[in-house]
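First up is the structure itself, then whatever we jot down about it.
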Amino acid sequence: MTIKRSKIRRLLQSPETSQRVCIKGWVRTRRDSKTFSFLEINDGSCLANMQVIADHAEPGCDGVAELTTGSAVAVTGALRHSPGKGQKWEILAEQITVYQIAPETYPLQKKRHSDEFLRSIAHLRPRTNKYGAAFRIRSELAYAVHRFFRDQGFIYVHTPIITGSDCEGAGELFRVTSLPPGDFRKLDDVSADRQDFFGKKASLTVSGQLEAELFALALGDVYTFGPTFRAENSNTRRHAAEFWMVEPEMAFCELSGNMDNAEALVKHLVSHALENCAEDLDLFFRFVDKSLPGILETIVSRPFARISYAEAVDLLKQSKNRFEHEIAFGYDLQTDHERFLAEQYFGGPVMVYDYPRGIKPFYMRVNDDGQTVAAMDVIVPGIGEIIGGSQREDRLDMLEARMAETGLDTSEYWWYLDSRRYGSVPHSGYGLGFERMVMLVTGISNIRDVLPFARTPGNIDF
Ligand code: 4AD
Ligand code: MG
């Protein structure tokens, strides 16, 4: 009789005694007594291992004494209550099939490794408890993003990865070309672009916003969720060259509705993780950041503070803190300013709105004061900015003026301007940095450790 294979997670969630089961996974440890071997098997479905008891007299368990850490096996046997300490359930093995014995050079022998070392073996680190847990939580959060928007009737739009425009206007674009490098050097810029694959300059997208806006003005409430790319040469613990962004865009919505939605999304994601990832989260609570349960509880239970940029600048000026960068009206908030507000002043998330127009992109709506735009950032403890968004400039003449002011060629954006020519309405949206969200939930302090394979300046291994 063949026995259907089970995941360890499922077996532990709904165990049945004297059920015969089959699990497949990797040996974490082996201990031997005179007549038995005890194996801890992990299959990646959850943090917990399954204890396997192999009787040396059982013919199907031949060779168990050779199993090493990292070896791959299938185990068939009876699931039973474990009389031992440390686990409720165990499998009494009848048959152990060995796929491969891992040699002693396996780098993940049972001891603690530093995050720096594990980054150098990113191809193996998902096999550790911490990284397995982090990437299971990441997966749950991605699911929760879709659930949040779908439950409110948002339509999911796949905006393009290759684009001909620069949404943020910050010039941090990765060029995309199919021209052989030699040809590129022989041609001047204009003819190179003309002979290139698309017949014009192309790059990887920094944001799906502009395309999301076009869909919002047709389908109402939409969102896009995908990879984005920025050639920012900043080697910080919260910037990556390739990261995922969640970008909702809502028609007939002004700045305050935008802030409400952003706050609800962050709360929803944290609650979802608390409810569905308790075992994995517990690892982070105990070994990564002891203050994390309190931070997450605050996010879920307390309304986010809301202050204008001008108020934020006043608070920062009045504070006795010594900041690395000077602060005055017109200067952008730096990470240490943001963290002061979220960690010391408000002790929780804070939303800052109405930034000076000079430091924000062309698409943000100019306020009646003429000096500020209807921008908003969500700032959280430990990280700083996690969301950036705005109400969009819906008036054609103002938008054209802002594009000229920021040095953009309006003829390149004719399609975007058309959306303000035909049926323009107030609309708003924002971008949530998905990696920063995973950092917030797990307490992991470096973005390199929440990306399966991080792309940062000078680093494209794996
Ligand atoms: O504030 P940003 O640049 O906003 C936009 O891109 C808008 N077009 C979004 C919109 O309104 N639809 O980026 C949004 C968020 C930031 O708050 C941050 O969390 C994250 O994206 N982010 C990065 N995350 C990792 N690495 C980077 N280099 C990031 N740059 C931005
Ligand atoms: Mg921003």
Side-chain angles (χ1 to χ4, degrees), residues 141 145 149 154 157 159 163 165-174 204-216 221-250 253 255 258-259 261-262 265-266 269 309 332-335 337-338 342 349-353 355-356 359-365 373-380 382-393 416 427-441 444-451 454-457 459:
L141 288 174
V145 164
F149 289 115
F154 281 60
V157 184
T159 50
T163 166
S165 60
D166 178 0
C167 170
E168 293 305 294
E172 293 150 348
L173 303 169
F174 283 105
L204 296 177
T205 187
V206 295
S207 160
Q209 177 194 322
L210 302 187
E211 293 89 351
E213 281 187 55
L214 306 179
F215 265 69
D221 295 334
V222 303
Y223 70 105
T224 173
F225 178 17
T228 49
F229 307 85
R230 292 190 189 180
E232 263 171 302
N233 201 6
S234 45
N235 242 316
T236 77
R237 50 175 204 81
R238 41 174 232 161
H239 288 92
E242 176 176 327
F243 61 99
W244 282 59
M245 215 194 310
V246 180
E247 295 183 274
E249 194 66 39
M250 294 161 279
C253 176
L255 189 66
N258 201 26
M259 296 206 279
N261 190 272
L265 174 63
V266 173
L269 294 179
Y309 165 89
D332 212 353
L333 300 185
Q334 302 296 325
T335 308
H337 301 136
E338 293 172 347
V350 48
M351 309 176 90
V352 181
Y353 57 89
Y355 283 74
I359 57 171
K360 289 292 184 186
F362 68 96
Y363 54 72
M364 296 188 173
R365 191 175 198 280
V373 288
M376 64 101 173
D377 278 2
V378 179
I379 294 164
V380 294
I383 295 167
E385 178 190 339
I386 193 167
I387 286 179
S390 72
Q391 184 172 338
R392 315 309 188 189
E393 185 53 79
Y416 186 67
H427 63 287
S428 302
Y430 59 87
L432 165 73
F434 188 62
E435 282 70 26
R436 294 189 188 177
M437 189 68 216
V438 182
M439 290 167 73
L440 177 66
V441 168
I444 289 176
S445 59
N446 196 310
I447 198 165
R448 292 163 180 78
D449 299 333
V450 297
L451 279 154
R455 273 77 180 94
T456 49
N459 178 21

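Counting convention: from 1, in listed order, for ligands and their atoms alike. Quantities reported herein were computed from a predicted structural model and do not represent experimental measurements.
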For the aromatic rings, using the six-membered ring if either is Trp, is the centroid distance between Phe174 and Phe229 under 6.0 Å?
no
What residue among Val246, Leu432, Thr159 forms side chain to side chain contact (heavy atoms under 4.5 Å, CB included) with Phe225?
Val246
Electrostatic pair Arg238:Glu338 at N-O distance under 4.0 angstrom:
yes
Where the side chain of Ser165 meets the backbone of Cys167, is there a donor-acceptor pair that is under 3.5 Å apart?
no
For atom 11 (O) of ligand 1, find the nearest protein heavy atom and state the residue, atom name and distance (0.1 Å precision).
Arg392 NH2, 2.9 Å
So, does Tyr363 sit close enough to ligand 1 that a heavy atom of it is under 4.0 Å from the ligand?
yes
Just let me know how Phe243 lines up against ligand 1, side chain, backbone, both or neither, with a heavy-atom cut-off below 4.0 Å.
side chain
Mark up the atoms of ligand 1 that fall under 4.0 Å of a heavy atom belonging to Glu247, in ascending order.
8 (N), 9 (C), 10 (C), 12 (N)
Starting from atom 17 (O) of ligand 1, find the nearest protein heavy-atom neighbour and note its residue, name and distance.
Glu385 OE2, 2.6 Å
Is there a side-chain contact between Arg365 and Glu393, using heavy atoms and a 4.5 Å cut-off?
yes
Is the distance from the Mg ion (ligand 2) to some N, O or S atom of Glu385 under 2.8 Å?
yes
Measure the distance from atom 20 (C) of ligand 1 to every protein heavy atom, then report the residue, atom name and distance (to 0.1 Å) of the closest one.
Gly433 CA, 3.6 Å
Should the pair Phe149 and Tyr223 be assigned to parallel (<30°), tilted (30 to 60°) or perpendicular (>60°) ring geometry?
parallel
Just to confirm my output: which protein heavy-atom neighbour is closest to atom 19 (O) of ligand 1, and how far is it?
Ile386 O, 2.9 Å
Contact region, Met364 to ligand 1, non-hydrogen atoms below 4.0 Å, reads neither
For Arg230, which part has a heavy atom under 4.0 Å from ligand 1: side chain, backbone, both, or neither?
side chain
For ligand 1, is there an atom lying under 4.0 Å from some heavy atom of Glu435?
no
Ligand 1-proximal atoms of Ile447, by part, heavy-atom distance under 4.0 Å:
side chain
Flag side-chain contact, heavy atom, 4.5 Å: Asp332 against Tyr355:
yes
Please confirm whether the backbone N or O of Trp244 pairs with a side-chain atom of Glu435, one donor and one acceptor, at under 3.5 Å?
yes
Considering only protein heavy atoms, which is closest to atom 18 (C) of ligand 1, and at what distance to one decimal place?
Arg436 NH1, 3.5 Å
To the nearest 0.1 Å, how far is atom 14 (C) of ligand 1 from its closest protein heavy atom, and which atom is that?
Gly431 O, 3.5 Å
Identity and separation of the nearest protein heavy atom to atom 26 (N) of ligand 1
Ala240 N, 3.0 Å
May I ask you to check whether Glu249 has an N/O atom sitting below 3.5 Å from an N/O atom of ligand 1?
no
Residue, atom name and distance, where the atom is the protein heavy atom closest to atom 5 (C) of ligand 1:
Glu168 OE2, 3.4 Å
Ligand 1 atoms in contact with Glu232 (distance to a heavy atom under 4.0 Å):
28 (N)
Using a 4.0 Å cut-off to any heavy atom of Gly388, which atoms of ligand 1 qualify?
1 (O), 9 (C), 10 (C), 11 (O), 17 (O)
Below 4.5 Å, heavy atoms only, C-beta onward: do Leu214 and Glu249 meet side chain to side chain?
no
Answer yes or no for Arg238: is there a heavy-atom contact with ligand 1 below 4.0 Å?
yes
